[in-house]
Amino acid sequence: MDLMDKLTILADAAKYDAACTSSGVDRASRPGGLGSAMAAGCCHSFSADGRCISLLKVLLTNKCMYDCAYCVNRRSNDLPRAAFTPRELAELTVAFYRRNYIEGLFLSSAVWGGPDRTTEAMIQVLRLLREEYGFWGYIHAKAIPGADPGLTRRLGELADRLSVNIELPSEASLSRLCPDKAKQAILAPMAQIRDGIRESRGELAKYRHAPRFAPAGQSTQMIIGATPESDRHILTLTQALYDRYRLKRVFFSAYMPVSDSALLPARQGFQPPLLREHRLYQADWLLRFYHFRAEELLDEASPDLDPRLDPKCTWALRHLDFFPVEVNRADYEELLRVPGVGVRSARRILTARRAGPLTFSGLKTLGVVLKRAQYFLTCSGRMLEGLRVNPDGVLRHLVALERPALAGAGHEQLSLFREEGTA
């Protein structure tokens with residue numbers, strides 16, 4: 001098969017892997033080497049419509065021994081199959097980099113011939129790039145559950161970031177839709193990667209030139225909308241993954257119907273839950289940067305996120321007894337709870353009020369979104385002049401603010417919010 005035909009098949013097969021993330025690692029090029037990595041580097045995906053690409057996202061092969069009902073690459077699906085040799089993919093990556101098409105590589109693979117064989121082939125790709133071609137750009141690799149720990153270790157020594165897809169939000173759904181996979185097989189490499197990163201950092205603190213293991217950390221991805229778990233269940237799992245495995249990111253992927261299985265939602269008339277995915281990303285942002293906990297955002301009485309409002313506004317309306325917050329006295333944690341106040345603007349407030357009392361006009365210059373924040377804070381004990389506050393009116397106003405941003409938004413537009421949490 002022609003190399004570009006393989007690329008067409010295997011880049012398209014990788015489109016369901018979420019990889020919209022910064023690289024998270026700084027590394028200068030070595031003498032005679034090729035490329036470098038910057039922590040703030042933006043790594044998007046290879047798309048067929050010509051949009052901005054900086055990361056080649058591709059599968060090593062789409063030949064798979066598993067038969068996961070939700071996966072387009074499942075063994076029972078009748079579709080064109082292809083596989084790169086390690087050298088083909090390494091040369092393609094270098095050629096694309098030299099043409100300024102990409103900044104790095106996102107490498108995943110279907111499991112063909114067993115987890116060990118697949119991981120060995122991925123290691124060979126990365127070894128060629130790093131050791132033979134001298135490529136020092138960013139590489140994100142998917143660790144294969146069930147592979148020998150020694151192989152996972154070697155993969156992490158060559159890649160910048162590793163990820164292990166948790167696939168589905170519950171063990172019951174995993175066993176029903178993925179009969180060949182097990183929860184423990186997925187969590188075991190997560191724990192190994194966590195421990196390997198911790199050990200590597202300890203060694204680097206002692207020895208400057210010690211080998212680095214997955215220096216940009218690890219992430220995971222789960223499919224939402226294919227199974228009946230609530231948003232509360234998903235966020236509780238997300239919180240546990242951050243706490244237990246020290247993940248950098250949990251990605252949510254709205255289920256796209258690729259199968260007529262009776263175990264999945266019917267394809268006829270099914271709408272991918274893109275807005276739900278968007279709300280989960282906003283809630284995830286609150287967990288990671290705003291010091292919220294999953295149990296604060298949702299409970300048994302309200303197990304799902306409100307599609308009309310972002311999660312922070314929803315929390316504020318349910319906890320009006322916490323407000324208003326006095327902007328000239330509130331600490332950092334209190335400011336983060338105010339809708340319209342983000343991490344950066346909260347820090348600016350703490351700095352600016354040292355010079356004197358803040359006013360509403362001053363808050364606007366500090367980046368506070370007053371259209372949201374005006375209902376939840378005071379300046380020197382006073383609310384915005386002429387403002388009338390009642391819960392129903394505030395709810396209508398906040399919902400009205402959301403509509404223009406979401407009206408007619410497609411998958412690509414909503415996906416932009418993955419890196420843009422809301423204040």
Side-chain angles (χ1 to χ4, degrees), residues 40 231 235 239 242 278-299 301-302 305-407 416-423:
D231 292 340
L235 286 180
Q239 184 79 68
Y242 284 134
H278 173 46
R279 294 297 182 217
L280 284 168
Y281 273 115
Q282 290 177 317
D284 173 73
W285 201 266
L286 296 181
L287 299 182
R288 292 190 297 131
F289 298 112
Y290 288 75
H291 306 172
F292 280 80
R293 300 288 296 181
E295 59 269 20
E296 293 183 89
L297 298 175
L298 295 170
D299 54 30
S302 304
L305 296 169
D306 191 335
R308 301 171 299 168
L309 283 177
D310 73 77
K312 191 177 181 183
C313 286
T314 302
W315 180 89
L317 290 173
R318 290 176 181 168
H319 297 83
L320 289 175
D321 55 309
F322 182 83
F323 302 100
V325 169
E326 171 51 51
V327 74
N328 287 297
R329 293 196 304 270
D331 61 26
Y332 180 68
E333 298 291 335
E334 291 174 321
L335 291 171
L336 286 181
R337 299 274 163 155
V338 178
V341 177
V343 172
R344 187 176 299 176
S345 54
R347 291 173 179 164
R348 287 173 177 171
I349 287 171
L350 295 178
T351 301
R353 71 189 188 188
R354 296 173 190 166
L358 295 175
T359 63
F360 282 99
S361 60
L363 290 179
K364 193 170 183 179
T365 64
L366 295 176
V368 174
V369 183
L370 281 180
K371 288 181 180 180
R372 288 188 175 89
Q374 60 185 341
Y375 300 105
F376 303 101
L377 52 76
T378 59
C379 290
S380 301
R382 297 182 179 181
M383 301 200 76
L384 190 65
E385 186 176 353
L387 184 68
R388 296 181 179 180
V389 179
N390 67 78
D392 290 340
V394 174
L395 174 61
R396 286 194 298 270
H397 177 78
L398 294 175
V399 169
L401 290 176
E402 286 281 303
R403 284 174 186 157
L406 298 178
L416 292 175
F417 292 109
R418 289 175 176 170
E419 287 299 314
E420 298 177 6
T422 58

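We number each residue from 1, following the sequence as shown. The model shown is predicted, which means the values in this text are computed figures rather than measured ones.
A distance of 12.0 Å separates NZ of K364 from OG1 of T359, quoted to the nearest 0.5 Å. The line from CG of L317 to CG of L309 is 6.5 Å long, rounded to the nearest 0.5 Å. With rounding to the nearest 0.5 angstrom, the CG atom of L235 is 9.5 Å from the CG atom of L286. Rounded to the nearest 0.5 angstrom, D331 CG and R329 CZ are separated by 12.0 Å. Summarising the geometry, atom CZ belonging to R353 is positioned 11.5 Å from atom CG belonging to L366; distances are rounded to the nearest 0.5 Å.
At a threshold of 4.5 Å between non-hydrogen side-chain atoms, the residues R347 and V343 count as touching. In this structure, R279 and D231 have side chains that are not in contact, with every pair of non-hydrogen atoms separated by 4.5 Å or more. By the 4.5 Å heavy-atom criterion applied to side chains, F323 and L377 are not counted as neighbours. With contacts defined as side-chain heavy-atom distances shorter than 4.5 Å, the pair S345/V368 qualifies. Put simply, the side chain of E402 does not reach to within 4.5 Å of the side chain of R308, judged on heavy atoms.
Judged by distance alone, with hydrogens and angles left aside, the side-chain atoms of H397 form no donor-acceptor pair with the main-chain N or O of G393 at under 3.5 Å. Within the 3.5 Å criterion, the main-chain N or O of L298 finds no donor-acceptor partner in the side chain of S302. Judged purely by atom type and a 3.5 angstrom limit, K312 uses its side chain to pair as donor or acceptor with the backbone of L336. No side-chain donor-acceptor contact under 3.5 Å links N328 to the backbone of C379. Although no hydrogens or angles enter the test, the distance criterion places no donor-acceptor pair under 3.5 Å between the side chain of R372 and the main chain of P339.
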Take L280 and L305, measure what side-chain contact (heavy atoms from CB on, under 4.5 Å) needs, and give me the verdict at the end. CA-CA 8 Å; L280 284 168; L305 296 169; 3.9 Å; yes
Test side-chain contact (heavy atoms from CB on, under 4.5 Å) applied to H291 and E333, step by step: CA-CA 8 Å; H291 306 172; E333 298 291 335; 2.6 Å; yes
Before you tell me yes or no, could you show the steps for R288 and D284 under salt bridge (Lys or Arg N to Asp or Glu O under 4.0 Å), namely the whole-Å CA-CA distance, both residues' side-chain angles and the distance that decides it to 0.1 Å? CA-CA 6 Å; R288 292 190 297 131; D284 173 73; 2.9 Å; yes
Should F322 and E334 be marked as a side-chain contact (heavy atoms from CB on, under 4.5 Å) after you check the CA-CA gap, both sets of side-chain angles, and the distance that decides it? CA-CA 9 Å; F322 182 83; E334 291 174 321; 4.1 Å; yes
Yes or no on side-chain contact (heavy atoms from CB on, under 4.5 Å) for L350 and L335, after CA distance, side-chain angles and deciding distance? CA-CA 9 Å; L350 295 178; L335 291 171; 3.9 Å; yes
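Of all heavy-atom pairs between E296 and W315, the closest is O-CD1, 3.4 Å. Counting all heavy atoms, side chain and backbone alike, A294 lies closest to L287 at N-CD2, 3.5 Å.
Shown are V325, L320, V327; of these, the side chain to side chain contact (heavy atoms under 4.5 Å, CB included) with F376 is made only by L320.
Not less than 6.0 angstrom separates the ring centroid of W285 from the ring centroid of F292.
In this model, no donor atom of one side chain and acceptor atom of the other lie less than 3.5 Å apart for N390 and Y375.
Contacts of E326 classified as salt bridge (Lys or Arg N to Asp or Glu O under 4.0 Å), with partners at least two apart in sequence or in another chain: none.
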